[in-house]
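Input: a single structure, listed below in structure tokens.
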2 protein chains.
Amino acid sequence: MVARKRVSPPGLRVVNLGTLDDAIGFHLRRAQDASFRAFASSAGRHDLKPGHFAALLVIVNNPGIGQGALGQAISRDKSSVTPIIQTLFNRGLIDRQTSAFDRRRIQLSITTSGRALLRRLVPHVRAHDRKLDTIAGADKPVLLRALRRIANEIS
Amino acid sequence: MVARKRVSPPGLRVVNLGTLDDAIGFHLRRAQDASFRAFASSAGRHDLKPGHFAALLVIVNNPGIGQGALGQAISRDKSSVTPIIQTLFNRGLIDRQTSAFDRRRIQLSITTSGRALLRRLVPHVRAHDRKLDTIAGADKPVLLRALRRIANEIS
DNA sequence: TATTGTTATACTCTATAACTATA
DNA sequence: TATAGTTATAGAGTATAACAATA
């Protein structure tokens with residue numbers, strides 16, 4: 001009697017996750033991972049990664065914002081913000097203007113071409129958001145509330 | 001009249017996140033990020049990172065599991081599983097045994113010392129889980145349901 | 001002295017592709 | 001030919017620390 005495909009390890013078809021299956025952190029990672037990949041393969045294919053997109057959105061919504069505040073908004077260190085800003089600037093998507101009040105500060109704003117890219121991207125981003133919204137369905141408000149709390153309150 | 005601290009950019013104290021504030025993906029990333037850091041600085045300080053811990057948990061719950069199936073369980077490529085397994089093995093936390101049925105397959109199982117580490121770690125992990133559970137409160141079932149759906153259904 | 005942003009650097013996590021050995 | 005696991009390698013993404021300019 002020959003050992004056949006799949007027969008070898010007895011009863012291992014379904015992986016038992018144990019307590020992991022009840023751990024919010026574990027599912028948080030899987031969901032974030034899946035969502036990130038899905039975003040990257042739709043909007044990301046169109047030349048703007050999630051991080052860059054988020055930064056651009058913050059800038060368009062907060063013209064004149066500095067890199068420190070931007071970093072806080074997207075929860076990144078200022079040293080992580082620098083390369084993002086450089087990319088956006090090199091592509092002509094944003095402007096940098098030294099503040100007249102404080103010459104250490106650089107005021108960020110979106111350019112016409114940045115707006116154009118955003119417009120071009122919005123449908124894809126919307127599609128991604130809608131996918132998530134559809135999946136979350138009526139759970140969305142509760143989901144967002146829980147996620148916000150986790151991000152803000154955990155220590 | 002001298003320009004004083006914080007006065008320069010008019011009205012920028014609070015960052016306006018715009019549509020980002022309504023995007024599940026954005027909050028997913030922030031929550032996952034915060035949760036990961038919190039875990040790393042409690043249980044992680046005790047020598048096992050989230051990824052390694054998750055792998056060890058899957059192994060303890062599925063003795064004899066192979067690296068492919070393990071990777072599927074934690075949503076990682078087999079090439080990402082290899083270094084995790086090596087670390088766990090080098091620390092004597094798991095055993096690898098070639099399957100008698102299929103000598104390509106390596107059956108993973110936890111060692112006594114792996115169990116001991118797990119026991120030692122459980123309080124910290126529990127504390128982290130409890131923190132998340134407390135924050136999620138009554139929202140937890142809905143949160144988990146939404147996270148599972150996102151991980152499984154998004155494309 | 002403190003703060004804004006940059007640079008240099010390094011670390012973690014991950015995947016792709018090519019490989020070995022088995023099947 | 002196909003599959004389990006390894007290796008080599010590369011690329012994102014991020015942070016820490018030291019720095020320059022300015023406050």
Side-chain angles (χ1 to χ4, degrees), chain A residues 2-9 12 29-30 32-34 36-37 39-41 44 47-55 59 64-72 74-90 94 96-108, chain B residues 2-9 12 29-30 32-34 36-37 39-41 44 47-55 64-90 94 96-108:
Chain A
V2 184
R4 295 180 52 84
K5 208 181 171 190
R6 284 286 129 94
V7 181
S8 354
L12 253 183
R29 182 179 69 68
R30 295 214 321 130
Q32 138 72 5
D33 204 56
F36 186 94
R37 279 177 221 268
F39 182 99
S41 73
D47 274 351
L48 213 55
K49 287 163 195 168
H52 293 115
F53 182 77
I59 292 169
I65 193 174
Q67 295 183 195
L70 171 57
Q72 278 188 294
I74 61 174
S75 309
R76 292 293 156 242
D77 188 84
K78 59 195 167 102
S79 70
S80 303
V81 171
T82 299
I84 297 177
I85 292 309
Q86 285 171 337
T87 300
L88 296 178
F89 181 75
N90 288 337
I94 58 168
R96 312 152 93 176
Q97 194 181 355
T98 303
S99 162
F101 302 93
D102 179 347
R103 283 160 39 232
R104 292 172 303 184
R105 168 173 265 136
I106 296 176
Q107 296 180 306
L108 304 168
Chain B
V2 184
R4 295 179 52 85
K5 208 181 171 191
R6 286 287 129 93
V7 181
S8 353
L12 254 183
R29 183 180 68 71
R30 294 214 321 130
Q32 138 72 5
D33 203 59
F36 186 94
R37 281 178 220 269
F39 182 98
S41 73
D47 275 352
L48 213 57
K49 286 164 196 166
H52 292 115
F53 182 76
I65 193 173
Q67 295 183 194
L70 171 57
Q72 279 188 294
I74 61 174
S75 308
R76 293 292 154 243
D77 188 83
K78 59 194 168 105
S79 70
S80 303
V81 171
T82 298
I84 296 176
I85 293 308
Q86 285 171 337
T87 300
L88 296 178
F89 181 75
N90 288 337
I94 59 169
R96 313 152 94 178
Q97 195 180 353
T98 303
S99 162
F101 303 92
D102 179 346
R103 283 159 40 232
R104 293 172 303 183
R105 168 172 264 136
I106 296 176
Q107 295 180 305
L108 304 169

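Every heavy atom of this structure was used, including side-chain atoms; hydrogens, water molecules and symmetry mates were not. Computed from a predicted model, the values in this text were never measured in an experiment. A, B, ... follow the sequence lines: proteins, then strands. Residue 1 opens every chain.
Taking 4.0 angstrom as the limit, B:Gln86 places none of its side-chain polar atoms (N or O) nearer than this to OP1 or OP2 of D:dG5. Put simply, A:Arg96 has no side-chain N or O that comes within less than 4.0 Å of OP1 or OP2 on C:dG5. Residue B:Gln107 has no polar side-chain atom (N or O) positioned under 4.0 Å from OP1 or OP2 of D:dA4. Here A:Thr82 reaches the OP1 or OP2 of C:dT6: one of its side-chain N or O atoms lies under 4.0 Å away.
At least one donor-acceptor pair closer than 3.5 Å links the side chain of B:Thr87 to the backbone N or O of B:Pro83. Side-chain N or O atoms of A:Asp33 include none that pairs as donor or acceptor with a backbone N or O of A:Arg29 at under 3.5 Å.
Summarising the geometry, the separation between NZ on B:Lys78 and P on C:dT22 is reported as 16 Å, rounded to the nearest angstrom. Distance A:Ile85 CD1 to C:dG5 C1': 11 Å, rounded to the nearest Å. Spacing between atom CD1 of A:Ile84 and atom C1' of D:dA15 amounts to 13 Å, rounded to whole angstrom units. If you measure from atom CD of A:Gln67 to atom P of D:dT22, you get 16 Å, rounded to the nearest angstrom. Atom pair B:Arg105:CZ and D:dT3:P shows a separation of 12 Å (rounding to whole Å applied). Regarding A:Arg29, its CZ atom lies at a distance of 16 Å from the C1' atom of D:dG13, rounded to whole Å. We find that CZ of A:Phe53 is positioned 19 Å from C1' of D:dG13, with the value rounded to whole Å. Rounded to an integer number of Å, the gap from CD1 of B:Ile106 to P of D:dT3 is 18 Å.
Under the side chain to side chain donor-acceptor pair (under 3.5 Å) test applied with A:Asp77, the options A:Ser80, A:Ser75, A:Ser79 reduce to a single match, A:Ser79.
Under 3.5 Å, the side chain of B:Arg104 and the base of D:dT3 form at least one donor-acceptor pair of N or O atoms. Within 3.5 Å, no donor on the side chain of B:Ser79 pairs with an acceptor on the base of C:dT14, nor the reverse.
Residues A:Val81 and A:Asp33 both approach DNA chain C. Their nearest nucleotides, taken by heavy-atom distance, put A:Val81 toward the 5′ side. If you find the closest nucleotide of DNA chain D to B:Asp77 and to A:Gly51, the one lying nearer the 5' end belongs to B:Asp77.
If you check the side chains of A:Thr98 and A:Arg103, you find no donor sitting under 3.5 Å from an acceptor.
The side chain of A:Asp102 lies closest to D:dA23, out of D:dA23, C:dT22, C:dT6. Distances from the side chain of A:Arg76 to the nucleotides D:dT14, D:dA4, C:dT14 place D:dT14 closest.
Side-chain atoms of B:Gln32 and B:Phe36, non-hydrogen and from C-beta on, do get closer than 4.5 Å to each other.
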